[in-house]
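What you see is a predicted model; the values in this text were computed from it and never measured. Numbers here simply count residues along the sequence, with the first being 1. Hydrogens, waters and symmetry mates play no part in the numbers below; they use all other heavy atoms, side chains included.
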Amino acid sequence: IQHRLAAHWMLEVGYAGARGVRLPVYRNGNQVPLESLTASQRAMIGAAAAAGQDTTPLLQPLRPYPQFDNITLSENIASSVYHSGQARITRRFHSGLLLDASYTFAKSIDNASDFNSGDPSEQVLNASNLRHQRAVSSFDVPHRFTASVQYAVPVPAALSGMARTALSGWTLNGLITLQSGQPFTPFLPLFDPFRNEAFNRPDVVGDPNAAVPPGLAFNPAAFAPPVRGSFGNAGRNIVRGDGYHSFDLSVFRTFRFRERISLQFRAEWMNAFNTVNFQGPVTDLTATPGAFIAAAPPKVAQLGLKLQF
């Protein structure tokens, strides 16, 4: 929907949604069914593990296909849904200044965002219940704001000759981008002798977004290892990384030789103020959980020429 608010002001609002079905996902098709183990079976497995014995002979008869070990299945059974509200406002001034700002409020939910990526967020924990995987998508960005400014530098009418030539054809540009951080999944790479797998999620014992130590993305003390032989109660993608904030600047100068031939000089500064944007935090709870070990590119400056004909 577009609506003119006043002279030279234009407001645009809209909705965008998408539904995905039959999306690919990997899962263990021969996982030991922890939720159906009896007390006596758990006691036998626990005693063998405590004695340092291999629990495989006890686990194999419990699997759906006892003659096989873990079986990796690739199936098109995942789904997704996306909703977003979008707003955009533009203003063109007589002086040659153009303002364009956009905001998107969105939410994406799925149970498989990027199968075969190796990301802990994509590893199916309970193979018999894919509903436990349902959460915000690994690429979910709730808030995103962008604003651009373009200014075609006017040349005073009183100027002529070399002065007019030197000041004509200049354009100044600015772009600001602000967005929320993406979600991640804390995990534990601990071997569980009750299913012979070395991946689990922790139990949530506090608020991972409260009392966050300086320099970390979340509070590691909010998580604890689950009891062996159980799945951790932490959901998928329950913490978020650092947001993204950047301001880009550019200066263009266009030289026109003929009506259809021009040469444009471009000077551009990406992330002009050298803002630090951390990438995904460490989610392995046995390492340095919550720590940022990588960042997006710092300030980058480049010069270029663009021939148009």
query: How about S138 and Q182: does a side-chain donor come under 3.5 Å of a side-chain acceptor?
result: no

query: Do any N or O atoms from the side chain of Q2 and from the backbone of E12 form a donor-acceptor pair under 3.5 angstrom?
result: no

- prompt: Quick one: does Q60's side chain have a donor or acceptor within less than 3.5 Å of a partner on P66's backbone?
  reply: yes

message: Would you say N126 and R131 are linked by a side-chain donor-acceptor pair, where the criterion is simply a distance under 3.5 Å?
response: no

Y15 OH: over 12 foreign heavy atoms closer than 6.0 Å: yes

- prompt: Under 3.5 Å, is there a donor-acceptor pair between the N30 and N70 side chains?
  reply: no

- prompt: Should R42 and S230 be marked as a side-chain hydrogen bond (donor to acceptor under 3.5 Å, both in side chains) after you check the CA-CA gap, both sets of side-chain angles, and the distance that decides it?
  reply: CA-CA 11 Å; R42 286 185 172 275; S230 66; over 6 Å; no

query: Does one hydrophobic cluster hold both L125 and V205, with members joined at side-chain heavy-atom distances below 4.5 Å?
result: no

field: Under 3.5 Å: donor-acceptor pair, side chain of N274, backbone of P298
entry: no

- prompt: Do side-chain atoms of T171 reach the backbone of A152 as a donor and acceptor pair under 3.5 angstrom?
  reply: no

query: Does a donor on one side chain sit under 3.5 Å from an acceptor on the other, for S137 and D110?
result: yes

- request: Output yes when a side-chain donor or acceptor of D248 lies under 3.5 Å from a complementary backbone atom of N271, and no otherwise.
  value: yes

message: Side chains of T56 and N196 only: does a donor on one sit below 3.5 Å from an acceptor on the other?
response: yes

- request: Could you tell me whether a side-chain N or O of R27 sits under 3.5 Å from a main-chain N or O of A127, the two making a donor and an acceptor?
  value: yes

task: Might you work through the side-chain contact (heavy atoms from CB on, under 4.5 Å) test for H8 and F93, ending with a clear yes or no?
output: CA-CA 7 Å; H8 309 295; F93 296 84; over 6 Å; no

query: Do the side chain of N237 and the main chain of V136 share a donor and acceptor less than 3.5 angstrom apart?
result: yes

- prompt: Can you tell me if D242 uses its side chain to pair, donor with acceptor, with the backbone of S180 under 3.5 Å?
  reply: no

message: Looking only at side-chain N and O atoms, does R266 offer a donor or acceptor that is under 3.5 Å from a partner on Q264?
response: yes

- request: Could you tell me whether D140 and K107 make a salt bridge, using a distance below 4.0 angstrom between a side-chain N and a carboxylate O?
  value: no

- prompt: Under 3.5 Å, side chain of R253 to main-chain N/O of S168, donor-acceptor pair present?
  reply: yes

task: Establish, from distance only, whether the side-chain atoms of S250 and N173 form a donor-acceptor pair under 3.5 Å.
output: yes

- prompt: Would you find a donor on one side and an acceptor on the other, under 3.5 Å apart, between the side chain of D203 and the backbone of G232?
  reply: no

field: Heavy atoms of other groups near Y65 OH, more than 12 under 6.0 Å
entry: no

- request: May I ask you to check whether T104 and Q86 show a side-chain donor-acceptor distance below 3.5 Å?
  value: no

query: With a cut-off of 6.0 Å (strictly less than), are more than 12 heavy atoms of other residues, nucleotides or ligands near CZ of R92?
result: no

- prompt: More than 12 heavy atoms of other residues, nucleotides or ligands under 6.0 Å from CD1 of I1: is that the case?
  reply: no

